[in-house]
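Only one structure is covered here, and it is reproduced in the block below.
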Amino acid sequence: MSRNDWEVVIGLEVHAQLTTASKIFSGASTAFGAEPNRQACAVDLALPGVLPVLNRGAVERAIRFGLAIDAKIAPRSVFARKNYFYPDLPKGYQISQFELPVVSGGSITIRVGEGDKAYEKSVQLTRAHLEEDAGKSLHEDFHGMSGIDLNRAGTPLLEIVSEPDMRSSAEAVAYARSLHALVRWIEICDGNMQEGSFRCDANVSVRKPGAPLGTRREIKNLNSFRFLQQAIEYEIQWQIDTLEDGGRIQQATVLFDPESGETRVMRTKEDAHDYRYFPDPDLLPVEISPNWIARVRTEMPELPQSMKRRFIENFGLSAYDATTLTASREIANFYQATVDAAGSELAKPCANWVMGELAGRANKADIDLNAVPITPAQLAGLVRRIGDNTISNNIARKVFEAMWNGEGGDGANAADRIIDAQGLRQVTDSGAIESLIDQVLAANQKSVEEFRAGKEKAFNALVGQAMKASRGQANPTQVNEILKRKLSE
Amino acid sequence: MINASLTELRAALDARKISSVELAQLFLQRIERLNPTINAFITVDPALALANAREADARIARGEAGPLTGIPLAHKDLFCTEGMLTTCGSKMLANFVSPYDAHVVSQLKAAGAVLLGKTNMDEFAMGSSNENSHFGPVANPWDLTRVPGGSSGGSAAAVAARMVPIATGTDTGGSIRQPAAMCGITGIKPTYGAVSRYGMVAYASSLDQGGAFGRSAEDCALLLNGMVGLDEKDSTSFPGPSADESGLPVPSKDLGDLCRDLNKPLTGLRIGLPAEFFGPGMADDVRASIEAALEIYRSLGAQTVEVSLPNAQLAIPAYYVIAPAEASSNLSRFDGVRYGHRAAAYGDLDDMYRKSRAEGFGAEVKRRILVGTYVLSHGYYDAYYLQAQKLRRLIAEDFQRAFTACDVIAGPVSPTTAWGIGEKTADPVQMYLSDIYTIAVNLAGLPGLSHPCGFGNGTLPVGLQLIGDYFSEARLLNTAHRFQQVTDWHVRHPSMAA
């Protein structure tokens, strides 16, 4: 039997750290990277007598998320204690939500694969609930002892749980990426995976098509899309191999080791905790009124799905381009602003420039789109000059590079100033182009003879020479036409 | 002076007949003399007390004194006090010094009250006799062979023995009212949420409530005035906003000045007598004192009406599910990792937890942690915890029904007067049953007050319990105060206070 005989079932649990300035139940800062235990107040340290007070900003972010995925927002939501002992869990319980989470249901549309094989799919969400993060145990540098850093303790998390709707590691990664883009889009999470702001747990099982769900194993704490993909791939193969060898899958929590590329068991169901959930008597139930939801709704930015639809319908973009241009709020906003400045008839070339030169250059420089040295107005000024044939695409790249380096000054006229200063205006005077071509033909008799002998490639060489002679400024269409005419004379 | 009321002390301080320093010295000397016998205090800090008294004198001299400025005070040893031990009567916290003040502590500090020390208590407030203290039992000042009640036994005994004029306490199932009754003083547990729990080490969060001990209702009113009020650090404290985000009214109320109604006549007051509180469980000497007190109330113009609390007998089982459940979770933080007792020698992490907690907690605390862990466990939660919460609602509804027919409810505080030290320690259930009349009040979150109303068998104090509807503290204090205007039970004192 082969892998094709098995159906893979994956569900994801994502912990997204929320962007509140202070913690979910205390006033301590949530900023990353402070000296150990410098951002842990009495409440975070769980000193005797302290009490939690809910940060409503965290609830508001959960509401935002619920609205973004068209989920149900609970009118009354309850915090519960999840009890277990661990040194980096100072109270001996984590305040989380159990029976009444803020968000339930909802869905996210994902796009999987590329080119002709690409397809869209809707992933259903089970719930999203608020909880506090634990601290960190540091096992190095303490000579056989462990250090405890409680800076992270009490940081607000939104735990986002999907239905087991994904059928491959590619779908799981596409879902995680969409979710990652969405939480950043609605500004509830900074998405910094290296700092642990967005962590994935994957529940993986396999079954024969049509059979009931197989026993799942949960891969914990995957903090990059690559690890998510690798871990799931390894786990799928391991489960299939185990079953085909006549073994059984035991429900377990496993960890992925990026070094070996393997998963290994952390604990099995037998030693799973009994968390003894019960409503936290220190916190009142959160009442989420229709008014509150309505206010949050008015503060929501336009969502990627809606923007994507608009780009396709109003700007005539392909589904692929529209997806790329709504992959993050930065690129979408940059694109929208560029089109606004250039005019919607230039929407397509604007898309090419934003996705191509701009995104590529930003990537090369390793900076975010909202930090690039070029404004949408400047880029629109450049695209307009291509549109009205002032410059060719090739020259435009030169202008772009100059603009990136700060030449041309601010505003929409930056491109014009660079074009004028460097004399890059396209030559469209056919008399001038004709005399230029005469010189090229005279100097390249060999190529002319080759062309006449039937060697088509020689024509391209002559075009190249002509463009070179004009320092790229001759209108390429005209060069082609005139050259063709002269050679056939 | 040691028998003077707060009003008299205030007048003496303001008239410079005595200084706050002299007053503190007077009571510190009594503590020094009596504490070896009574063991009411775990910590006494004379230097700090005298420094605070000097500040109070300066404040009085500036004419900036409030009602409590310069008045000596003691805190139950579960209110966190910055720079002073907060032990909760436990070996677990025997060396714990809090880096912050409880809300109640900082409020009373700001009011200028002079803290003399911290009082003994049942470990983590779990107990009805103050015998569960790592620091030894407290003796009842009326009979040193008997218990003072619990869990705030140290505070009650200290006030009864005139070691301090007023003291704070907490009441989770009767821990203010019952020791007040057994020590012949007045104690009030206000509506749940009236006093901030911030800095009050938690036993059972949904039941715990801070309150006041004094020798009279008036003294309690003055102390409680300094304790109540909204604290944003406690989400369950009130008065919060009067309406939620969608405009729905939220039950919340500013209690106002609790002294304002003290002298209101009791004419027409309807006192409800629940049949369930006057059954066969009550000892004859207690019953006689209660009946006599009710006669006095009637002579003051009140009328007594019969009411029913049909689910009251379910209070003890419900309480002994809910309170241990919350306690098992609340006490998880005492793990030996960051503060408190850690075993001297241990193997791995689990062994450190096990040994530290086995050594740090006493038997009753362990018993309740075990019960609480059990009732919250998978498969038992619905049968125990959810069921207990349903009973809790029924009990609260009983009270609401009763309050349609009466203004306050009256009954005994405890079925018996103080029992002998060691008498009930072998049988925890017998001990639990002694809280039969007080626990329902906590489950419902209502205010309750205990005032002296006689002596059983001639020598041991009997307390009468008054229970009011939510936010009716002023009414309860008024009722007790009028009683105390025509009786002298509250001014009687044990021989050592002569």
Side-chain angles (χ1 to χ4, degrees), chain A residues 25-27 37 40-43 45-54 56 59 75-76 79-95 98 135 137 145-146 148 150 272-295, chain B residues 78-80 86 88 93 96 98-100 102-103 196-202 204-208 231-237 240 244-248 250 322 325-326 328-335 337-340 349-350 352-353 357 372-379 381 385-386 389:
Chain A
F25 299 118
S26 84
N37 298 310
C41 68
V43 174
L45 295 171
L47 290 179
V50 297
L51 295 171
V53 175
L54 177 62
R56 292 176 74 83
V59 181
R76 184 170 172 278
F79 285 95
R81 293 185 183 179
K82 179 179 178 178
N83 295 282
Y84 65 96
F85 284 96
Y86 204 69
D88 60 25
L89 186 73
K91 292 188 293 295
Y93 59 85
Q94 177 194 29
I95 305 178
F98 189 55
S137 294
M145 298 197 289
S146 291
I148 306 294
L150 295 177
H273 293 291
D274 179 353
Y275 290 119
R276 291 172 283 122
Y277 281 100
F278 74 106
D280 191 330
D282 288 332
L283 291 160
L284 303 173
V286 192
E287 308 281 346
I288 302 174
S289 66
N291 289 349
W292 193 4
I293 296 172
R295 179 173 60 70
Chain B
L78 53 58
F79 286 100
C80 286
T86 299
C88 291
L93 292 179
F96 178 70
S98 170
Y100 76 99
H103 182 74
S196 166
R197 292 183 294 115
Y198 191 80
M200 200 177 99
V201 181
S205 312
S206 73
L207 301 161
D208 292 344
D231 173 15
E232 279 167 2
K233 295 197 289 306
D234 177 358
S235 312
T236 61
S237 92
D244 69 12
E245 193 124 3
S246 52
L248 290 172
V250 172
I322 293 167
E326 294 180 5
S328 69
S329 177
N330 283 333
L331 270 63
S332 293
R333 68 188 58 196
F334 305 111
D335 56 7
V337 174
R338 297 167 315 288
Y339 51 77
L349 178 65
D350 280 342
M352 184 194 86
Y353 286 147
R357 288 167 65 83
T373 303
Y374 182 83
V375 299
L376 289 176
S377 294
H378 188 70
Y381 179 83
Y385 189 79
L386 276 189
Q389 292 291 9

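The analysis underlying the following values was restricted to heavy atoms, covering all of them including side chains, and did not include hydrogens, waters or symmetry mates. Naming: A, B, ... by sequence-line order, numbering from 1 per chain.
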Among [options], which residue forms the greatest number of heavy-atom pairs with chain A at distances under 4.5 Å?
| options | answer |
| --- | --- |
| B:Met352, B:Glu232, B:Met200, B:Glu326 | B:Glu326 |
| B:Val375, B:Thr373, B:Asp335 | B:Thr373 |
| B:Ser332, B:Cys80, B:Gly340 | B:Ser332 |
| B:Leu207, B:Asp234, B:Leu93 | B:Asp234 |

Interface moiety of [X] toward chain A, non-hydrogen atoms closer than 4.5 Å:
| X | answer |
| --- | --- |
| B:Leu386 | neither |
| B:Ser196 | neither |
| B:Phe79 | neither |
| B:Tyr381 | side chain |
| B:Asp350 | neither |

Given the options [options], which has more heavy-atom pairs under 4.5 Å with chain B than any of the others?
| options | result |
| --- | --- |
| A:Ser146, A:Pro90, A:Ser26, A:Pro52 | A:Pro90 |
| A:Ala42, A:Pro281, A:Gly92 | A:Pro281 |
| A:Asp282, A:Leu284, A:Leu89, A:Asn83 | A:Asp282 |

Inset, instruction - List for me each residue that meets side-chain contact (heavy atoms from CB on, under 4.5 Å) alongside A:Pro75, sequence neighbours excluded, and say none if there are none. - result: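 In terms of side-chain contact (heavy atoms from CB on, under 4.5 Å), with neighbours along the sequence ignored, A:Pro75 is linked to no residue.
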
Inset, instruction - Would you please name every residue forming a side-chain contact (heavy atoms from CB on, under 4.5 Å) with A:Val53, sequence neighbours left out? - result: B:Ser235

Legend entry - Full working for ring pair (Phe, Tyr, Trp, His ring centres under 6.0 Å) between A:Phe79 and A:Phe25: CA-CA 11 Å; A:Phe79 285 95; A:Phe25 299 118; 5.4 Å; yes

Legend entry - Derivation of the side-chain hydrogen bond (donor to acceptor under 3.5 Å, both in side chains) call for B:Asp231 and B:Ser237: CA-CA 6 Å; B:Asp231 173 15; B:Ser237 92; 5.8 Å; no

Legend entry - Donor-acceptor contact below 3.5 Å, side chain B:Arg333 vs main chain A:Pro48: no

Inset, instruction - Looking only at non-hydrogen atoms, find the nearest pair between A:Phe278 and B:Ala325 and report the distance. - result: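 Of all heavy-atom pairs spanning A:Phe278 and B:Ala325, the closest is CZ-O, 4.2 Å.
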
Inset, instruction - Answer with side chain, backbone, both or neither: which region of A:Tyr275 has an atom nearer than 4.5 Å to a non-hydrogen atom of chain B? - result: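 Contact with chain B involves no heavy atom of A:Tyr275 at all.
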
Legend entry - Residues, nucleotides or ligands: over 12 heavy atoms within 6.0 Å of B:His378 NE2: no

Inset, instruction - Check whether any side-chain heavy atom of A:Leu150 sits under 4.5 Å from a side-chain heavy atom of B:Arg338, and report yes or no. - result: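 Yes, at least one pair of side-chain atoms sits under 4.5 Å.
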
Legend entry - From CA spacing to verdict: side-chain hydrogen bond (donor to acceptor under 3.5 Å, both in side chains), A:Arg276, B:Ser329: CA-CA 9 Å; A:Arg276 291 172 283 122; B:Ser329 177; over 6 Å; no

